[in-house]
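Have a look at the structure below, then the notes.
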Protein chains: 2
Amino acid sequence: MTRGRFITFEGIEGAGKSSLQRALAEALTARGHVVCATREPGGTPLAEEIRALALARRSDGMPPTTELLLMFAARAAHVSQRLAPALARGEWVLCDRFTDASRAYQGGGRGLDEGIIDALASIAHPALAPDLTFLLDLAPEAGLARARNRQDNGDRFEDEALAFFARVRAHYLLLAQREPQRFRVLDATQTPAELLAAALQELAAL
Amino acid sequence: MTRGRFITFEGIEGAGKSSLQRALAEALTARGHVVCATREPGGTPLAEEIRALALARRSDGMPPTTELLLMFAARAAHVSQRLAPALARGEWVLCDRFTDASRAYQGGGRGLDEGIIDALASIAHPALAPDLTFLLDLAPEAGLARARNRQDNGDRFEDEALAFFARVRAHYLLLAQREPQRFRVLDATQTPAELLAAALQELAAL
């Protein structure tokens, strides 16, 4: 059996990752594909517990290295228990955030060394990388305004200052520049229908 | 100010680590030393939450890599928020388990690669190692019988088979053989008074 496709969605808070993921999952399912829609940190019961701990406001002030190690602990569980098996079954895996998020948030945002993130990536998911990554690019002001309009109570990342998200965004754009064959940068101010059309066009080329 | 002393206690379940730690803490305090008695995984509120998640029976079946990353996530928080500051203040830090436990349990017990543990140690606590490590050596049969006689309900590690603890014990002894200048192997079948006397003699030499 052919290995499935591994598509990830990246961007700052409020960029519209999960909306695009949901729309693409529906479109692919309608075409007869088997879709595994998942998210990070999380995606398995254990990884969701790690997520809750990592994002909780009571965890604020944790050392950046702890934050990074928690993200990769959750990722190792997610990859081995859900993501890799789904790919092996030939499914389309649509994942809201993956290791690029650790690079952008803990690397770009918190200033952690890139070599540490490389080492953890090779421990948690040796030889696994997304086939295609949609980067929903948006100014932090716009993203945070959207995120804070949501019904939920947000998390400790949404409490970060604008400068933090400016660093995260810049780091995402740097990653996209480094790997143009894998990244597709989408202007996140487009309408949901425009974004879906653009994403489907990219997938058709895949 | 002189950096404090960093003493760790290692051994399998039921070997008597925490009893010896408690007795030593009392003896050192009585001699006028400031003692920070702590444990791993744990030692800070966040690290204790990570501990609860890592040891809970509901977490059984987690991939060994996730288990290892959780241990080091807790350790990074413990070192940066409690252990290193206490050492910097000149205190005696007495810690029930440290990175040797990851080597013995996740390396020896679960079979994870030593290079991965080395990499994580250098990420979570660059340039920090115990000054002295007491290895309480005991046959797994005896240790488990003691541990299962306790009032608490145990954790998912205590549910492991005897063969697992035999591997852990063998790996501890290997670590002690590799670093004889740091390790002191104590026969854990001795009485608490004998163990305390032996440990105090070692500390006097320190």
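By convention in this document, chain letters (A, B, ...) are assigned in the order of the sequence lines, proteins followed by strands, and residues within each chain are numbered from 1.
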Tell me, side chain or backbone of Glu67(A) under 4.5 Å from chain B's heavy atoms, or both, or neither?
neither

Note: vs chain A, highest number of non-hydrogen pairs under 4.5 angstrom among Leu68(B), Ile123(B), Thr44(B), Asp113(B) is Ile123(B)

For Leu120(A), is it the side chain, the backbone, both, or neither that has a heavy atom closer than 4.5 Å to a heavy atom of chain B?
side chain

Which one wins on heavy-atom pair count under 4.5 Å against chain A: Ala76(B), Ala73(B), Gly61(B)?
Ala73(B)

For each of Leu69(B), Leu112(B), Ile50(B), Ile116(B), tally heavy-atom pairs with chain A at distances under 4.5 Å, and name the one with the top tally.
Leu69(B)

Around atom CZ of Arg150(B), are there more than 12 heavy atoms from other residues, nucleotides or ligands closer than 6.0 Å?
yes

Under 4.5 Å from any heavy atom of chain B, what part of Arg58(A) do you find: side chain, backbone, both or neither?
side chain

Search all heavy atoms of Thr66(A) against all heavy atoms of Ala77(B) and return the closest pair with its distance.
OG1-N, 3.0 Å

